[in-house]
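Comments concern the structure below.
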Amino acid sequence: MSASAGLPTPTTGSEPDASLVARVGTVPDKVSLDGLETRWDSAWTESGTYTFDRSASRADVYSIDTPPPTVSGSLHVGHVFSYTHTDVVARFQRMRGKSVFYPMGWDDNGLPTERRVQNYYGVRCDPSLPYVEGYEPPLQGAEGKSVKAADQQPIGRKNFVELCERLTAEDEKEFESLWRYLGLSVDWQHHYQTIGRTAQATAQTAFLRNLARGEAYQAEAPGLWDVTFQTAVAQAELEARDYPGHFHTIAFHAPDGTDVVIETTRPELLPACVALIAHPDDERYQHLFGTTVTSPLFGVEVPVLAHTMAEPDKGAGIAMCCTFGDLTDVQWWRELQLPTRSILVRDGRITRETPDWITSEQGVALFGEMLGKTTFSARTAVVDALRESGDLHGEPVATQRKANFFEKGDKPLEIVTSRQWYIRNGGRDADLNAALLARGDELTFHPEFMAVRYSNWVGGLNGDWLVSRQRFFGVPIPVWFPVDAHGEPQWDAPIIPDEASLPIDPSSDTPAGYTADQRGQAGGFIGDPDIMDTWATSSLTPQIAGGWLTDPDLFARVFPMDLRPQGQDIIRTWLFSTVVRAHLEHGSLPWANAAISGWILDPDRKKMSKSKGNVVTPMGLLEEHGSDAVRYWAASARLGTDAAFEVGQMKIGRRLAIKVLNASKFALSFAGDDDLSLDPSLVTEPIDRAMLAGLADVVDKATAALESYDHTRALEVSETFFWTFCDDYLELVKDRAYGAGDASVSAATLSARTGLAIALDTLLRLFAPVLPFATEEVWSWWRQGSVHHAAWPVSDGLRTAAGDADVTVLTAAGHALASLRKIKSGAKVSMRTPIVLVDLAVPDAYLPAIESARVDILGAGRVTGPLTLTVASPDQGDPSVQGGIVVVRSELGEAEPKPARNA
RNA sequence: GGGCCUGUAGCUCAGCUGGUUAGAGCGCCACGUUUACACCGUGGAUGUCGGGGGUUCGAGUCCCUCCGGGCCCACCA
């Protein structure tokens with residue numbers, strides 16, 4: 001790292017220190033923010049400003065596990081917002097001398113990409129079709145036109161995956177250019193795709209290791225199933241939504257002829273009923289426990305059982321347990337060892353064969369009408385029959401119920417029995433659960449309260465992590481199964497590939513010891529048809545980005561990582577699953593810190609999202625306001641707090657960036673043709689030293705804030721100081737800094753010029769993480785190298801230069817100047833108007849301070865006559881203004897005629 | 001039903017472990033082109049700190065309670 005270390009300490013010897021002198025190069029006559037983004041992005045790329053120094057040891061590295069954005073649409077302001085937060089951290093750490101490992105990934109895995117490809121190219125995947133060489137899809141960019149499924153051209157899996165890769169590559173190019181324009185200090189040599197070969201190999205290797213250690217397993221079990229996508233769905237992907245339904249009151253029949261009445265919203269599941277269940281303490285049903293009743297219409301005999309999960313005040317207090325209507329049914333079925341009578345199949349329709357437990361003539365006839373029907377039509381059939389038989393009591397009553405949905409689906413989930421793969425995540429194992437909760441405690445969340453979202457989720461898990469999905473585009477489960485002599489797959493004896501052969505696709509690759517023509521044959525093999533959950537890959541981003549498999553040397557330098565930035569909504573998914581994988585594979589946390597950004601809300605306080613159509617495109621914003629301005633807006637919002645989308649805040653950021661350019665140009669203009677000194681020993685005037693003392697405080701506060709991931713506070717203290725610096729200090733020292741106008745430079749002039757140079761040098765470093773473009777631009781006018789590799793400022797040197805000065809001199813002089821301005825403002829005259837006489841009553845403590853800056857105050861206030869200072873008494877005037885300085889008497893002179901301006 | 005966050009000027013938000021008259025910026029009003037800046041500068045007005053109780057010499061800050069926003073989990077009979 002090349003930087004001069006913060007502010008150099010004063011030299012004591014006679015050797016001039018080269019680092020204390022800066023030669024001012026060309027400062028533009030007219031400064032502008034326009035074009036800085038493109039210009040500096042090129043310059044940074046060319047000089048490798050953000051290249052990770054892989055010779056650095058782990059202790060000198062700061063590594064970031066960046067969220068790979070989903071490449072299935074476009075980035076929105078929410079992305080710009082949260083990625084800026086991360087970039088501020090990256091830039092701060094880089095300036096502190098860390099080698100920053102800041103890779104970028106693209107999440108092009110999974111359903112969103114799959115669906116987008118279907119729409120964009122008008123195709124659909126049919127894994128049974130062969131690969132077609134040189135295939136071209138029927139459409140290009142048909143997005144939004146929504147091609148009906150029936151009109152989509154069916155293509156084989158390999159062709160489909162190729163299209164996925166083609167489309168995501170285009171998107172990724174666009175995303176990268178946006179990130180570059182925004183000024184993310186990413187090392188673009190380190191980027192990855194979650195569908196890339198490395199990611200696939202990593203996901204498959206990690207899975208096989210989980211399998212070898214017994215952490216991954218298969219089970220044939222009832223589980224939540226999306227009938228649209230026809231895939232199993234994991235707990236983390238659930239979303240409870242309101243769903244309209246009807247309560248139906250239905251009579252079962254006891255042997256003695258009495259009715260046992262239940263209520264249900266799903267009468268179509270009547271043929272799947274396996275028991276009636278009431279609470280063991282429920283007085284009303286005591287006499288029925290242990291007996292059987294007969295279902296209406298279908299005449300199936302079912303037991304009446306007791307279970308504590310039954311709630312007496314829900315419905316009739318006695319429930320119909322079906323295989324399977326909901327997760328409670330599954331629990332009853334399991335715990336009471338009930339038979340399985342499934343009637344729903346994977347497409348969400350009623351089975352196409354009448355099941356053997358339905359034997360009555362009436363039952364068989366009715367079920368015959370239901371065969372292959374949707375649940376909706378089947379319900380109508382059952383309800384009509386019930387009404388006719390008199391077993392429907394009253395009419396159905398409309399109700400609003402909650403149903404589980406796949407977060408990307410729009411039909412309620414059904415429960416279907418299937419063979420699936422799971423990874424243990426503490427959902428069924430108390431020890432592992434406790435260990436993962438402990439990992440949560442070990443992880444530092446910013447803000448802290450986000451930790452409870454983790455522990456709530458982990459504590460509330462009710463099953464292991466379902467990782468298999470019945471989809472096409474994704475990382476295949478890397479196993480095959482032998483097929484026995486009868487043609488039956490041996491699910492219990494998976495054929496495991498060698499790690500060195502990964503990644504593999506078992507649907508096209510052949511396992512060792514077999515030939516391709518044995519696929520699907522008796523005595524041969526079949527591939528596992530499923531792919532892994534997208535989180536099964538995403539949970540390995542630290543390993544993928546860090547080179548776990550491909551570059552162990554790199555991995556040792558970056559893992560466990562320092563920071564995981566992400567949104568609060570995916571703590572339960574991405575964050576948790578990543579913790580699970582690292583815990584199982586490495587016995588550690590994947591990172592030390594998690595920084596959680598809030599949401600961007602539109603002016604109606606609604607979360608911005610594509611589905612609501614209230615998204616603002618980021619590139620337009622960046623071009624209109626400038627990247628520094630948009631970054632300023634983002635950096636003004638604290639972690640974990642939702643922020644309003646506010647153009648006003650961007651305008652303030654733009655104003656700040658422009659002010660940085662202008663104030664810098666001004667400060668540098670005093671150098672003339674001379675070199676500008678940064679030697680603190682030349683700062684001799686009390687007010688100059690006071691300014692440096694104030695700056696030292698700012699440096700300490702900003703540093704402490706950034707160390708605790710509070711970028712907002714760091715920006716705020718720097719910004720507040722900077723505006724006072726411009727409005728008061730610059731005005732006060734202007735005249736002195738210009739000097740006498742001849743070649744001689746007095747000590748007082750040198751003090752002002754050096755103070756300005758030191759302050760500018762420090763302020764540019766303080767602002768660099770938030771305003772990388774404006775600060776780099778100014779830096780290039782007079783310093784060597786990049787400000788983004790300059791050392792983060794430290795207060796020591798500033799304090800040495802300030803000596804025993806304290807900030808009071810500057811604040812008091814500022815207040816005095818304000819009181820002089822108020823005289824003119826009150827008289828509605830130009831600030832150029834001279835004051836020929838003024839008496840100020842000032843607080844006790846300010847008297848010496850103001851006295852020591854008298855000459856500067858007279859100059860800045862254009863006081864041409866006597867300035868008299870007295871100590872203010874408590875009853876004098878309004879002490880709340882101008883720091884308690886009261887104008888006792890004043891007299892204004894004639895304004896000078898306008899000076900001719902040089903164009 | 002359980003949990004977390006949040007309610008301060010018209011708007012967006014600061015107010016750290018309780019301490020003098022509650023802050024900033026935007027917006028608003030008035031004035032001003034000053035050898036950096038009109039993408040500017042100077043000055044000004046603006047609040048029963050969601051309501052009500054309590055602890056305290058002292059509460060925007062701590063406790064209780066109610067009301068309003070947002071989010072997560074549970075709730076499918």
Side-chain angles (χ1 to χ4, degrees), chain A residues 27 30-33 238 240 243 245 247-248 250 262-266 276-278 310-311 313-322 325-329 399 401-404 412-413 447 449-453 455-457 459-460 462 568-569 571-572 598-599 601 603 605-607 625-626 629 633 636-638 640-644 646 648-649 651-652 654-655 657-659 661-669 712-713 716 719-720 723 726-727 730-731 734 738 817-818 820-833 860 862 878-882 895-896 898-902:
Chain A
V27 180
K30 186 78 185 165
V31 299
S32 168
L33 293 175
L238 298 185
Y243 193 69
F247 279 125
H248 303 74
I250 297 174
I262 60 105
E263 281 187 20
T264 181
T265 55
R266 306 211 46 191
L276 297 192
I277 295 172
E311 293 178 39
D313 54 350
K314 242 186 206 175
I318 186 163
M320 166 173 90
C321 173
C322 306
D326 61 37
L327 291 171
T328 313
D329 286 343
T399 177
R401 63 192 189 104
K402 287 277 189 190
N404 278 323
L413 296 175
F449 68 78
M450 288 295 176
V452 305
R453 306 209 176 183
S455 48
N456 282 352
W457 176 255
N462 56 32
Q568 65 221 48
D569 54 327
I571 289 175
R572 66 179 187 170
W599 294 116
L601 306 172
R605 307 255 75 183
K606 292 283 185 321
K607 179 190 155 192
H625 303 283
W633 159 74
S636 305
R638 289 177 300 170
T641 305
D642 294 347
E646 257 218 300
Q649 200 65 18
K651 291 187 173 158
I652 298 165
R654 185 174 177 86
R655 203 171 68 120
I658 290 171
K659 195 77 171 179
L661 296 180
N662 278 315
S664 301
K665 176 184 142 196
F666 186 48
L668 294 176
S669 70
T712 307
R713 180 140 194 86
E716 189 196 326
E719 190 188 4
T720 304
W723 282 106
C726 291
D727 295 344
L730 270 179
E731 293 297 331
K734 220 182 219 183
Y738 276 124
L817 178 58
L820 300 179
R821 285 166 173 162
K822 193 174 179 181
I823 294 169
K824 302 178 193 181
S825 187
K828 303 194 172 184
V829 297
S830 156
M831 289 295 143
R832 259 181 337 122
T833 312
R862 292 186 176 255
D878 180 358
S880 68
V881 292
Q882 275 82 43
E896 302 163 24
K898 265 190 206 175
R901 290 190 76 174
N902 304 339

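Proteins come first, then strands; the chains are lettered A, B, ... in the order of their sequence lines, and each starts at number 1.
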What integer number of Å spans the C1' atoms of B:A74 and B:C4? 15 Å
Using modelled atom types and a 3.5 Å cut-off, is there a donor and acceptor pairing between side-chain atoms of A:S825 and backbone atoms of A:K822? no
Does B:A77 have its OP1 or OP2 closer than 4.0 Å to a side-chain nitrogen or oxygen of A:T265? yes
From A:W457 CH2 over to A:I571 CD1, what is the distance, rounded to the nearest 0.5 angstrom? 12.0 Å
Which nucleotide in the list B:G32, B:A36, B:G15 gets nearest to the side chain of A:F666? B:A36
Testing B:A77, B:C39, B:C13 for proximity to the side chain of A:R638, the answer is B:C13
For A:E731, report the nucleic acid contact type (base, sugar-phosphate, nothing); a contact means any heavy atom under 4.0 Å. base
5'-most contact on RNA chain B: A:T399 or A:L817, nearest heavy atom basis? A:L817
Are any of A:R655's side-chain N or O atoms less than 4.0 Å away from OP1 or OP2 of B:G41? yes
From the options B:C76, B:A36, B:A77, select the nucleotide whose nearest atom is closest to the side chain of A:N662. B:A36
If we call it a pair only when both distances are under 3.5 Å in a Watson-Crick or G-U wobble match, what pairs with B:A74? none
Does A:M831 reach a base, just sugar-phosphate, or nothing at all? Heavy atoms under 4.0 Å. base
Which pair of heavy atoms, one from A:D727 and one from A:R821, lies closest together, and at what distance? O-NH2, 2.8 Å
For the pair made of CD1 in A:I823 and P in B:G32, what is the distance, rounded to whole Å? 17 Å
Expressed in angstrom and rounded to an integer, what is the separation of A:F449 atom CZ from B:C4 atom C1'? 7 Å
Looking only at heavy atoms, what is the nearest atom pair of A:R862 and A:R832, with distance? CD-O, 3.2 Å
Heavy atoms only: give me the nearest A:D326-A:T328 pair and the separation to one decimal. OD1-N, 2.8 Å
Atom C1', compared across B:G27 and B:U12: separation rounded to whole Å: 11 Å
Determine the contact category for A:I262: base if any of its heavy atoms lies under 4.0 Å from a base atom, sugar-phosphate if only primed atoms, P, OP1 or OP2 are that close, otherwise nothing. nothing
Just call it for A:K402: base, sugar-phosphate, or nothing, with non-hydrogen atoms closer than 4.0 Å on any strand. base
Counting only side-chain nitrogens and oxygens, does A:K314 get under 4.0 Å of the OP1 or OP2 atom of B:C76? yes
Applying a 3.5 Å limit to both distances, which nucleotide forms a Watson-Crick or G-U wobble pair with B:G7? B:C67
Does A:T833 offer a backbone N or O that forms a donor-acceptor pair with the side chain of A:K824 under 3.5 Å? yes
Side-chain N,O (A:K659) to OP1/OP2 (B:G41) below 4.0 Å: yes
How many Å lie between CZ on A:R862 and P on B:G32, as a whole number? 17 Å
How do A:L33 and A:A403 order along RNA chain B: which one's closest nucleotide is nearer the 5' end? A:L33
Is A:K734 near enough to B:C37 that one of its side-chain N or O atoms lies under 4.0 angstrom from OP1 or OP2? no
Determine the interatomic distance between P on B:A77 and the same-named atom on B:G69; round to the nearest Å. 27 Å
If you measure from NE2 on A:H248 to OG1 on A:T399, what distance do you get to the nearest 0.5 Å? 11.0 Å
Once you apply a heavy-atom cut-off of 4.0 Å, does A:N404 come out as touching a base, just sugar-phosphate, or nothing? base
Can you tell me, in whole Å, how much space there is between the C1' of B:U33 and that of B:U42? 12 Å
Ignoring hydrogens, what is the shortest heavy-atom contact between A:Q649 and A:S636? Give both atom names and the distance. NE2-OG, 3.5 Å
Looking for any heavy atom pair under 4.0 Å, which part of the strands does A:E311 touch: base, sugar-phosphate only, or nothing? base
Using the C1' atom in both, what is the distance from B:G18 to B:U55, to the nearest Å? 11 Å
For the side chain of A:K822, starting at C-beta, report the closest nucleotide among B:G44, B:A36, B:C11. B:G44
Between B:G15 and B:C62, how many Å separate the two P atoms, rounded to a whole number? 12 Å
Indicate the atoms forming the closest heavy-atom contact of A:F449 with A:G640, along with that distance. CZ-O, 4.1 Å
What nucleic acid atoms does A:W633 come within less than 4.0 Å of, heavy atoms only: base, sugar-phosphate, or nothing? nothing
Round to a whole Å and report the spacing from CG of A:D569 to P of B:C73. 10 Å
Of the listed B:G32, B:G43, B:A77, the closest approach to the A:A310 side chain comes from B:A77
Say we look at B:G52 and B:A9: how far apart would their P atoms be, to the nearest angstrom? 16 Å
What is the distance, to the nearest angstrom, from the NZ atom on A:K828 to the P atom on B:G43? 16 Å
Just compare B:U42, B:C75, B:A36 and give me whichever is closest to any side-chain atom of A:A240. B:C75
What contact category does A:C321 fall into here, base, sugar-phosphate, or nothing, at under 4.0 angstrom with non-hydrogen atoms? nothing
Give the rounded distance in Å between these two atoms: CG of A:D329 and P of B:C75. 13 Å
Counting heavy atoms from C-beta on, name the nucleotide in B:C72, B:A36, B:G43 closest to the side chain of A:R572. B:C72
Please name the pair of heavy atoms, one in A:W599 and one in A:D642, separated by the smallest distance, quoted to 0.1 Å. N-OD1, 2.8 Å
To the side chain of A:R453, which of B:C71, B:U35, B:C76 is closest? B:C71
For the pair made of CG in A:D727 and C1' in B:C40, what is the distance, rounded to whole Å? 11 Å
So if I take every side-chain heavy atom of A:W723 and compare against B:A36, B:C4, B:G41, which nucleotide ends up nearest? B:G41
Over all strands shown, is A:Y243 touching base, sugar-phosphate only, or nothing at heavy-atom distances under 4.0 angstrom? nothing
Could you tell me whether A:E646 contacts a base, only the sugar-phosphate backbone, or nothing, with contacts defined as non-hydrogen atoms closer than 4.0 Å? sugar-phosphate
Counting only side-chain heavy atoms from C-beta out, which of B:U42, B:G3, B:A36 sits nearest to A:N456? B:G3
Only pairs with both distances under 3.5 Å count, Watson-Crick or wobble alike; so what is the partner of B:A14 in this structure? none
Considering Watson-Crick and G-U wobble pairs with both distances under 3.5 Å, what does B:C40 pair with? B:G32
Please work out if A:A657 contacts a base, only the sugar-phosphate, or nothing of the nucleic acid, heavy-atom cut-off 4.0 Å. nothing
Measuring only the P atom in each nucleotide, how far is B:G68 from B:G60? A whole number of Å is fine. 24 Å
